[in-house]
Student: 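I have a structure here, written as structure tokens, and I will follow up with some questions on it.
Atoms within each ligand, like the ligands themselves, are counted from 1 in listed order.
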Amino acid sequence: MKRRVIGILGLGTMGGAIADGLLGSTEPYHLLATRRTARPAAESPGAIEYVATNGELAERSDIIVLSVKPYQAEAVVGEIAPQLAGKMLISILAAIEAADIAAWAPGCRVVRVMPNTPCLIGAGMTVIARGLRPDPEGIALAEELFAPLGRTAVVDEALMDAVTGLSGCGPAYVFLIVEALSEAGVKLGIDRATATLLAAQTLMGGARMVLERGEHPAKLKDEVTTPAGCTVDALMVLEDGRLRSTLIGAVVAAAERSKSLRKR
Ligand SMILES: NC(=O)c1ccc[n+]([C@@H]2O[C@H](COP(=O)([O-])OP(=O)(O)OC[C@H]3O[C@@H](n4cnc5c(N)ncnc54)[C@H](OP(=O)(O)O)[C@@H]3O)[C@@H](O)[C@H]2O)c1
């Protein structure tokens, strides 16, 4: 069977996470990549092959994953529009609509997705946009590519700023929370490595219970909150610190920022 060629246009943080996730999946993809300044093929990272130009990448790839910064996209896509005609492009860009990219590269089929960095270890969350003119085949292809990298969901494209604020940027919030919980352990005398393990594993365990039991998180919280016990005292401190409204405000701020990037 012919190995499918995936071209990562912009092998940065997120492009690299997707590349590593794809290499870790059972599908035997051949991966090509470019960066802003062309890298010699001899410097290719591991099983990924650097190619000299974005045009060559587009020509040789079955699927192109566009992973440059949003402000770089129009120039990059416009430059290789002829090579993109008839190709499938998956955009991971915040803020930029699939229709914009399709207008910059007429004849190119565009699917918009919002992944996150845990794709690197097969624990990503990738949300696929359902555009105004839905493309079931394109959505199925994106699902096939990203499902082995974690979980996938499909939403209307109008919700992609919200998705960016929640799961796209979300790993940063989680790292901050783990860091803070770990700091609490250190404050109480636990060594930092153990404290970080306790914090991260507890977060992962709680998240997995939500996903696997399918119950409302408030019910799971009630189950671990003994009347007059320790947990309820901690919850009171979190309520005083407005943890819930702070997190809601953070996600809304990131979504607003994503929306504003489109207007510039
Ligand atoms: N980071 C995340 O957690 C995350 C999550 C979801 C979606 N995204 C989206 O992913 C995209 C990339 O974000 P990032 O954080 O990965 O940024 P990044 O690390 O700066 O990666 C951008 C990459 O694009 C390359 N590039 C720039 N201009 C290019 C050109 N003309 N030709 C080829 N490559 C070019 C850069 O090359 P150099 O390395 O040579 O500069 C860099 O490797 C953004 O649109 C963002 O909205 C990011």
Side-chain angles (χ1 to χ4, degrees), residues 6-22 31-41 43-46 48-61 64-81 83-84 89-98 100-101 104-105 110-121 123-129 142 145-146 149-153 155 157 159-176 250-251 254-264:
I6 312 290
I8 310 286
L9 201 167
L11 192 73
T13 305
M14 196 59 234
I18 292 171
D20 283 354
L22 291 174
L31 296 190
L32 307 179
T34 52
R35 295 181 66 174
R36 187 176 358 216
T37 311
R39 304 290 204 280
E43 283 179 19
S44 296
I48 307 169
E49 177 192 345
Y50 273 135
V51 293
T53 65
N54 292 330
E56 183 188 341
L57 178 128
E59 260 166 16
R60 288 180 55 196
S61 301
I64 296 112
V65 178
L66 180 66
S67 45
V68 297
K69 294 282 191 194
Y71 73 89
Q72 299 165 326
E74 184 170 2
V76 168
V77 171
E79 223 173 75
I80 56 164
Q83 292 93 328
L84 285 173
L89 181 146
I90 296 185
S91 164
I92 68 160
L93 276 52
I96 307 290
E97 289 175 5
D100 290 333
I101 298 172
W104 301 331
V110 182
V111 178
R112 181 179 173 195
V113 308
M114 178 48 60
N116 64 15
T117 50
C119 281
L120 179 71
I121 53 160
M125 180 69 235
T126 302
V127 181
I128 305 163
L145 201 67
F146 283 91
L149 278 54
R151 291 182 186 243
T152 59
V155 306
E157 187 164 14
L159 288 173
M160 288 303 270
D161 291 318
V163 165
T164 302
L166 180 49
S167 56
C169 305
Y173 320 150
V174 172
F175 298 139
L176 198 77
V251 173
E256 289 297 324
R257 175 71 179 149
S258 171
K259 205 180 285 176
S260 77
L261 287 177
R262 194 163 42 249
K263 292 186 197 125
R264 286 197 298 170

Student: Are Val51 and Thr34 close enough that some pair of their side-chain heavy atoms sits under 4.5 Å apart?
Tutor: yes
Student: Would you find a donor on one side and an acceptor on the other, under 3.5 Å apart, between the side chain of Gln72 and the backbone of Lys69?
Tutor: yes
Student: Apply side-chain contact (heavy atoms from CB on, under 4.5 Å) to Ile80 and Ile64, showing your working.
Tutor: CA-CA 12 Å; Ile80 56 164; Ile64 296 112; 5.9 Å; no
Student: Regarding atom 32 (N) of ligand 1: of the candidates Asn54, Thr126, Thr34, which has the closest heavy atom?
Tutor: Asn54
Student: Between the candidates Val68, Val127, Leu93, which shows the shortest non-hydrogen contact distance to atom 11 (C) of ligand 1?
Tutor: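 Minimum heavy-atom distance to atom 11 (C) of ligand 1 goes to Val68.
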Student: Where is the nearest protein heavy atom to atom 34 (N) of ligand 1: which residue, which atom, and how far?
Tutor: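 Atom 34 (N) of ligand 1 sits closest to the protein heavy atom Arg35 C, 3.1 Å.
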Student: Could you work out, for atom 22 (C) of ligand 1, the closest of Ser67, Ala38, Gly15 by heavy-atom distance?
Tutor: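 Answer by nearest heavy atom: Ser67.
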Student: I need the atoms of ligand 1 closer than 4.0 Å to a non-hydrogen atom of Gln72, numbered in the order shown.
Tutor: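 Matching atoms, with element in brackets: 27 (C), 28 (N).
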Student: Report yes or no: do Asn116 and Ser167 form a side-chain donor-acceptor pair below 3.5 Å?
Tutor: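 There is no such pair (donor and acceptor under 3.5 Å, judged by atom type) between the side chains of Asn116 and Ser167.
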Student: Considering only the protein, which heavy-atom contact is closest to atom 16 (O) of ligand 1, and what is its distance?
Tutor: Met14 N, 2.8 Å
Student: Enumerate the atoms of ligand 1 whose separation from the nearest heavy atom of Leu11 is less than 4.0 angstrom.
Tutor: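 Those of ligand 1 that fall under 4.0 Å from Leu11 are 43 (O).
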Student: Using a strict cut-off of 4.0 Å, indicate which atoms of ligand 1 neighbour a heavy atom of Val76.
Tutor: 30 (C), 31 (N)
Student: Just by modelled atom types, is the Ala58 backbone N or O under 3.5 Å from a matching donor or acceptor in the Arg60 side chain?
Tutor: no
Student: For atom 21 (O) of ligand 1, what's the nearest protein heavy-atom neighbour? Residue, atom name and distance, please.
Tutor: Gly12 CA, 3.3 Å
Student: Looking only at protein heavy atoms, which one is nearest to atom 35 (C) of ligand 1, and what is the separation?
Tutor: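 So the nearest neighbour among protein heavy atoms is Arg36 N, 3.4 Å.
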Student: Looking only at protein heavy atoms, identify the closest one to atom 47 (O) of ligand 1 and say how far it is in Å.
Tutor: Ala94 N, 3.0 Å
Student: Step by step, would you call Ile18 with Phe146 a side-chain contact (heavy atoms from CB on, under 4.5 Å)?
Tutor: CA-CA 8 Å; Ile18 292 171; Phe146 283 91; 3.8 Å; yes
Student: Contact between Arg39 and ligand 1, counting heavy atoms under 4.0 Å?
Tutor: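 Heavy atoms of Arg39 do come under 4.0 Å of ligand 1.
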Student: Among all protein heavy atoms, pick the one closest to atom 14 (P) of ligand 1 and tell me residue, atom and distance.
Tutor: Lys69 NZ, 3.9 Å
Student: Answer yes or no: is there a side-chain heavy-atom contact under 4.5 Å between Leu22 and Val65?
Tutor: no
Student: Could you check whether any side-chain heavy atom of Met14 comes within less than 4.5 Å of a side-chain heavy atom of Thr117, counting everything from C-beta outward?
Tutor: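 The answer is yes; the side chains approach within 4.5 Å.
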Student: Please list, in number order, the atoms of ligand 1 under 4.0 Å from a heavy atom of Thr117.
Tutor: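 Result: 3 (O).
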Student: Going through the distances and angles, do Ile6 and Leu145 end up as a side-chain contact (heavy atoms from CB on, under 4.5 Å)?
Tutor: CA-CA 10 Å; Ile6 312 290; Leu145 201 67; 3.7 Å; yes
Student: Are Pro45 and Leu11 side-chain neighbours, meaning at least one heavy-atom pair lies under 4.5 Å?
Tutor: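 With C-beta onward as the side chain, the pair touches.
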Student: Which residue and atom name correspond to the protein heavy atom nearest atom 10 (O) of ligand 1, and how close is it?
Tutor: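 Here the closest protein heavy atom is Ile92 CD1, 3.3 Å.
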Student: Within the 4.5 Å heavy-atom criterion, are Trp104 and Leu84 side-chain neighbours or not?
Tutor: no
Student: Atom 25 (C) of ligand 1: which protein heavy atom is closest, and how many Å away?
Tutor: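 Result for atom 25 (C) of ligand 1: Gly10 CA, 3.6 Å.
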Student: Against heavy atoms of Leu9, which atoms of ligand 1 measure under 4.0 Å?
Tutor: 33 (C)
